[in-house]
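As the structure lists them, so they are numbered: ligands from 1, and atoms in each ligand from 1.
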Amino acid sequence: MKLLVTGGAGFIGSNFVHHVLDTTDHSVVVLDKLTYAGNRASLDGLPADRFELVVGDITDAALVDVLVGDADAVVHYAAESHNDNSLHDPRPFLDTNIIGTYTLIEAARKHGTRFHHISTDEVYGDLELDDPNRFTEQTPYNPSSPYSSTKAGSDLLVRAWVRSFGLQATISNCSNNYGPYQHVEKFIPRQITNVLDGVRPKLYGAGQNVRDWIHANDHSSAVLTILDKGVIGETYLIGADGEQDNKTVVETILELLGQPRDAYDHVTDRAGHDLRYAIDSTKLRTELGWRPAFQDFRAGLEDTIAWYRDHQAWWRPQKAATEARYQEQGQA
Ligand code: NAD
Ligand code: TDX
């Protein structure tokens with residue numbers, strides 16, 4: 001198959017492109033605007049006969065029409081993805097996440113192209129710490145931030161296009177990813193690179209918030225499984241039973257880097273900060289037979305720390321500007 005991967009120069013998209021080219025015969029065209037979050041270097045060394053990068057915007061209807069018409073399937077990762085940014089400047093989230101998704105599904109409908117929409121568990125809002133339930137495909141939408149509300153909006157557009165226009169689409173909602181190529185604005189890379197720079201990690205509020213961590217490779221294998229065996233019109237939740245509170249994650253990073261476990265600072269909490277996410281991925285496991293390969297979060301974190309230690313040329317150019325932005329926002 002020839003896959004069009006939007007946002008393939010970002011964190012999860014680039015991991016997916018590497019995974020596809022390593023494990024299948026598919027060829028890949030990436031459409032990416034190379035915003036501050038996109039990085040050409042994340043796609044270095046890929047085979048030129050099976051891979052192409054097109055720099056462009058998913059809201060560019062003429063360009064999207066040509067690329068979607070040329071592809072066997074679209075995997076749509078491109079998004080504005082950072083909650084903190086969405087609280088300070090929501091507009092790009094509306095443009096890319098809503099209008100960009102609309103532009104893509106209009107082209108996919110016109111050409112009859114198979115479409116897979118990548119989304120997040122944040123569309124479901126948050127859970128209490130002691131809630132015995134986790135999110136399922138039946139959980140009502142209840143997003144909290146400008147970011148998650150635009151992701152929820154994009155999911156609903158895809159569902160409506162399936163029902164009203166017969167769009168050949170599936171949707172997946174995944175929990176928090178970690179692994180190589182993640183921008184240093186995000187929680188885990190921010191803290192790893194802070195410690196490597198001799199700066200104390202920054203924990204929002206008391207650090208009791210829980211995230212359900214999954215390795216980016218497991219997200220990729222789940223998306224390939226859905227592309228292969230998913231039922232058109234269905235939504236699949238992707239998660240690997242990786243719940244951890246933020247305080248424990250920071251303490252583990254410090255320990256793995258040989259620092260005292262309490263060598264971090266508390267900073268101003270995020271407005272509207274979701275307390276806990278937790279995914280029940282039973283449907284994906286039982287109906288499509290998917291299993292995560294990374295079950296040991298501490299070992300996955302150790303590998304991720306090693307990657308950031310060994311790839312300073314990849315992240316250093318972004319670090320100072322990212323921390324300056326956090327300084328302005330009072331979260332440094
Ligand atoms: P990211 O910010 O690292 O990458 C986003 C990519 O999209 C970048 O390469 C950027 O240049 C590109 N992009 C942004 N606007 C564009 C536009 N208008 N046109 C073309 N390209 C554009 O994001 P990520 O963390 O890799 O997330 C990828 C997708 O996965 C998003 O849809 C996000 O909602 C979803 N998701 C992320 C997580 C997570 O933990 N990071 C979890 C679940 C779902
Ligand atoms: O410096 C920090 N300190 C801190 O305590 C940062 C950057 C974050 N945090 C907290 C906030 C969250 O509870 O860590 C947790 C994770 O934060 P982020 O990395 O910003 O991720 P989150 O807001 O949970 O959203 C992520 O997962 C779901 C992705 O960014 C989204 O794109 C995805 O949809």
Side-chain angles (χ1 to χ4, degrees), residues 5-16 30-40 42-43 53-60 63-64 75-87 92-93 95-97 99-101 103-104 117-123 126 143-145 147-148 150-151 154-155 172-179 181-191 194 201-214 216 219 223 237-239 244-247 249-250 264-270 273-277 279 322-323 326 329 331-332:
V5 179
T6 71
F11 163 44
I12 308 177
S14 63
N15 274 284
F16 178 74
V30 164
L31 171 59
D32 198 295
K33 189 179 173 180
L34 296 181
T35 67
Y36 80 95
N39 194 334
R40 213 183 262 278
S42 304
L43 299 167
L53 169 63
V54 176
V55 178
D57 195 317
I58 58 167
T59 63
D60 178 343
L63 174 64
V64 161
V75 188
H76 173 35
Y77 288 93
E80 285 293 335
S81 69
H82 195 35
N83 276 300
D84 291 323
N85 294 344
S86 82
L87 292 161
F93 291 75
D95 291 338
T96 290
N97 301 359
I99 301 298
T101 301
T103 306
L104 286 160
H117 179 64
I118 301 292
S119 192
T120 169
D121 58 359
E122 297 191 20
V123 298
D126 59 355
S144 311
S145 74
Y147 162 69
S148 53
T150 58
K151 291 299 291 187
S154 68
D155 294 10
S172 55
N173 297 80
C174 188
S175 61
N176 283 62
N177 285 220
Y178 72 98
Y181 301 113
Q182 187 169 27
H183 195 279
V184 290
E185 70 188 353
K186 301 297 196 311
F187 179 51
I188 287 179
R190 184 181 184 204
Q191 314 314 338
N194 273 354
K202 310 297 173 195
L203 199 55
Y204 293 173
Q208 61 176 346
N209 307 64
V210 170
R211 296 294 181 264
D212 189 354
W213 293 100
I214 181 172
H219 189 178
V223 170
L237 263 55
I238 306 173
Q244 299 274 339
D245 66 58
N246 292 343
K247 182 167 171 290
V249 173
V250 163
Y264 60 84
D265 296 328
H266 293 277
V267 295
T268 312
D269 205 355
R270 175 183 285 171
H273 195 175
D274 280 339
L275 189 51
R276 172 177 164 233
Y277 307 135
I279 287 264
T322 302
E323 287 306 316
Y326 278 123
Q329 295 168 5
Q331 286 168 317

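Below 4.0 Å from some heavy atom of T120 lie the following atoms of ligand 2, by number and element: 28 (C), 33 (C), 34 (O). Residue T35 approaches ligand 1 through these ligand atoms, each under 4.0 Å from one of its heavy atoms: 10 (C), 11 (O), 14 (C), 15 (N). Atoms of ligand 1 found under 4.0 Å from any heavy atom of G10 (numbered from 1 in listed order, with element): 3 (O), 4 (O), 6 (C), 8 (C), 9 (O).
Distances between N or O atoms of D274 and those of ligand 2 include no value under 3.5 Å. Ligand 2 has no nitrogen or oxygen under 3.5 angstrom from a nitrogen or oxygen of W213. Among the atoms of Y326, none of the N or O lies under 3.5 angstrom from an N or O of ligand 2. Taking distance alone, with nitrogen or oxygen atoms compared against 3.5 Å, Y147 approaches ligand 2 more closely than that limit. Looking at ligand 2, you won't find any N or O of L203 less than 3.5 Å from one of its N or O atoms. Not a single N or O atom of N209, backbone or side chain, sits closer than 3.5 Å to an N or O atom of ligand 2. Looking at ligand 1, you'll find an N or O of K33 within less than 3.5 Å of one of its N or O atoms.
Summarising the contacts of atom 38 (C) of ligand 1 with T120, D32, I12, I279, the nearest heavy atom is found in I12. Looking at C174, S81, G7, it is S81 that brings a heavy atom closest to atom 1 (P) of ligand 1. Residue Y147 holds the heavy atom nearest to atom 34 (O) of ligand 1 of all those in Y147, Y77, W213.
Counting protein heavy atoms only, atom 35 (C) of ligand 1 is closest to I118 CG2, 3.8 Å. Here the protein heavy atom with the shortest distance to atom 1 (O) of ligand 2 is R190 NH1, 2.8 Å. Among protein heavy atoms, atom 29 (C) of ligand 2 sits closest to S81 O, 4.0 Å. Scanning all protein heavy atoms for the shortest distance to atom 15 (N) of ligand 1 gives T96 CG2, 3.4 Å. For atom 25 (O) of ligand 1, the closest non-hydrogen atom on the protein side is F11 CD2, 3.7 Å. Regarding atom 14 (O) of ligand 2, its nearest protein heavy-atom neighbour is F187 CG, 3.2 Å. In terms of protein heavy-atom proximity, atom 24 (O) of ligand 2 is closest to R211 NE, 2.8 Å. Protein heavy atom at the shortest distance from atom 42 (C) of ligand 1 is S175 O, 3.3 Å. Here the protein heavy atom with the shortest distance to atom 21 (O) of ligand 2 is N176 ND2, 3.6 Å. Among all non-hydrogen protein atoms, the one lying nearest atom 25 (O) of ligand 2 is E122 OE2, 2.7 Å.
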Item to complete: Go through Y264 and Q191 one step at a time and tell me if the side chain to side chain contact (heavy atoms under 4.5 Å, CB included) criterion holds.
Response: CA-CA 9 Å; Y264 60 84; Q191 314 314 338; over 6 Å; no
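Under 4.0 Å from ligand 2, heavy atoms of K186 appear from its side chain as well as its backbone. Only side-chain heavy atoms of H273 come within less than 4.0 Å of ligand 2; its backbone N, CA, C and O stay farther off. The proximity of L34 to ligand 1, defined as any non-hydrogen pair under 4.0 Å, is limited to the backbone. Contact annotation: for R270 versus ligand 2, heavy atoms closer than 4.0 Å belong to the side chain alone. Only the side chain of K151 comes within 4.0 Å of ligand 1, counting heavy atoms alone; its backbone N, CA, C and O stay farther away.
In this model, no donor atom of one side chain and acceptor atom of the other lie less than 3.5 Å apart for S154 and N97. Using modelled atom types, one finds no donor on one side chain facing an acceptor on the other under 3.5 Å when comparing D212 with S175. If you check the side chains of T96 and K33, you find no donor sitting under 3.5 Å from an acceptor. Between N15 and Q182, the side chains place no donor N or O within less than 3.5 Å of an acceptor N or O (distance only, hydrogens not considered).
At least one heavy atom of N176 sits under 4.0 Å from some atom of ligand 1. By the 4.0 Å heavy-atom criterion, A9 is counted among the residues contacting ligand 1. Ligand 2 has Q191 within reach: a non-hydrogen atom of the residue lies less than 4.0 Å from it. For G56, the closest heavy-atom approach to ligand 1 falls below 4.0 Å. Residue-ligand proximity: S119 is placed with a non-hydrogen atom under 4.0 Å from ligand 1. In this structure, P92 does not count as a contact residue of ligand 1, since none of its heavy atoms falls inside 4.0 Å of the ligand.
The backbone N or O of D274 lies less than 3.5 Å from a partner atom in the side chain of N209, making a donor-acceptor pair.
Separating the CG atom in N177 from the CZ atom in R211 is a distance of 13.0 Å, to the nearest 0.5 Å.
Here Y36 and H183 bring their ring centres to under 6.0 angstrom of each other.
Salt-bridge formation is detected for the pair K202/D265: a Lys NZ or Arg NE/NH1/NH2 atom is positioned less than 4.0 Å from an Asp or Glu carboxylate oxygen.
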